[in-house]
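Predicted model, so just to flag it, every value in this text is computed and none were measured. Order of listing sets the numbers, starting from 1, for every ligand and every atom in it.
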Amino acid sequence: MGSVSIPTEQWAAVVEKTGGPVVYKKIPVRLPGPDEVLINIKYSGVCHTDLHAMMGDWPIPTKLPLVGGHEGAGVVVARGELVKDVEIGEHAGIKWLNGSCLNCSYCNQADEPLCAKALLSGYTVDGSFQQYAIAKAAHVAHIPRECDLEAVAPILCAGITVYKGLKESAAKPGQHLAIVGAGGGLGSIAIQYAKAMGLSVIAIDGGSEKRDMCLKLGATSYVDFQTSKDLVADVRACTHDGLGPHAAIVVAVQEKPFQQATQYVRARGTVVCMGLPAHAKISAPVFDTVLRMINIKGSYVGNRADTAEALEFYRRGLIKAPFKTVGLSELNEVYKLMMDGKIAGRYVVDTSK
Ligand code: NAD
Ligand code: ZN
């Protein structure tokens, strides 16, 4: 196993019980197994998924104690003896999909997020809210040298996920796309990818801070779900012919906007469900869905090719979404703001403080 000097202990933010809080403390550094690499995480984005994991919002249990985080950007410091294509010193990222079997029918068709044996960073295995994190070499993101590790971190989940969701939406250049939850981490980055793809974006979220940010990032219009009296009509009115957007990608953390999207997309429109609010259901009238030929689908992170492509958009300077950086020791405060819906864009944590 090739390696550089690695400490035996490190700082981490640990969920000790479901419901939180995270405890900032020293824990041992693990060494990589034969097919794994160890990454010295410099920065990690904070995704709403990390909060869902801590709160136990979803039907699958997390490991406990748990080190969350799955937008970790850093430097490879050790690799197992089977690893040939990740170099020590390379810039690499820990993403949600930490590993997969690489041998099932889904992995064989590059649908590895659907692998039944997938390992999930910050959920079923420890993630990037620590200074040294492990991932399967086959799945680490290769971060181009010229990318700033702090700014690129949110691409590792938010970027990959919305890039994939945009592909799944099948929206074409010139068409109208609604981004629901546009002022949050995924949404703000989705605006930039959608703009780069030539789509006309209707941003939907709440409050004037998020409005200003969405319009600055390139949204064509903004609908405020907190003040709109008839959201479906207001969204439709943002399209040139009044028929509604061709697609909606829903990254909001409430149930209602999923229902609304099935109503305001135009006939033959697509609703891509990506947000994962606790205990939520999606329902739409069957009659309307059939006669208007509405397509309702889910989209879940992205595969390794999506990862490389999403990073390439970033490297080319097309994705510049706002983020704020605080110390890893301040993660509980970030979660509080996130719970209250007060974060415009993304928070990044610096693992050195
Ligand atoms: P975030 O908290 O940064 O953003 C969510 C946004 O939704 C906020 O700006 C909030 O104001 C907005 N919102 C809430 N209610 C709304 C409503 N009724 N209408 C419009 N907007 C509304 O969260 P995030 O990190 O961007 O994550 C969003 C969701 O996506 C989470 O549930 C997360 O778990 C999920 N997620 C899914 C995938 C996937 O693969 N499908 C990947 C990553 C994250
Ligand atoms: Zn995420």
Are Glu112 and Tyr106 linked by a side-chain donor-acceptor pair shorter than 3.5 Å? no

Apply the test salt bridge (Lys or Arg N to Asp or Glu O under 4.0 Å) to residues Lys297 and Glu168: give CA-CA distance (whole Å), side-chain angles for both, the deciding distance (0.1 Å), then the verdict. CA-CA 8 Å; Lys297 66 197 306 196; Glu168 292 287 327; 3.0 Å; yes

Between Trp96 and Tyr123, does any side-chain donor sit less than 3.5 Å from a side-chain acceptor? no

Walk me through it: do His176 and His240 pass the test side chain to side chain donor-acceptor pair (under 3.5 Å)? CA-CA 9 Å; His176 300 283; His240 73 284; 2.9 Å; yes

His70 and Ser128 side chains, donor-acceptor separation under 3.5 Å: no

At a 4.0 angstrom heavy-atom cut-off, ligand 1 is contacted by Cys47, His48, Thr49, His52, Trp58, Cys157, Thr161, Val180, Gly181, Gly183, Gly184, Gly185, Leu186, Ile204, Asp205, Lys210, Phe225, Val251, Ala252, Val253, Gln254, Pro257, Met274, Gly275, Leu276, Ser299, Tyr300, Val301, Met338, Arg346

Using a distance-only test with no angle check, is there a side-chain donor-acceptor pair under 3.5 angstrom linking Thr270 and Ser169? no

Just by distance, with hydrogens left out, do Asp350 and Thr325 show a side-chain donor and acceptor under 3.5 Å apart? no

Could you walk me through whether Lys63 and Asp126 pass the salt bridge (Lys or Arg N to Asp or Glu O under 4.0 Å) check? CA-CA 8 Å; Lys63 84 179 269 290; Asp126 285 342; 2.7 Å; yes

Would you mind reporting whether Val326 and Glu333 have side-chain heavy atoms less than 4.5 Å apart? no

Tally, protein N/O/S atoms nearer to the Zn ion (ligand 2) than 2.8 Å: 3

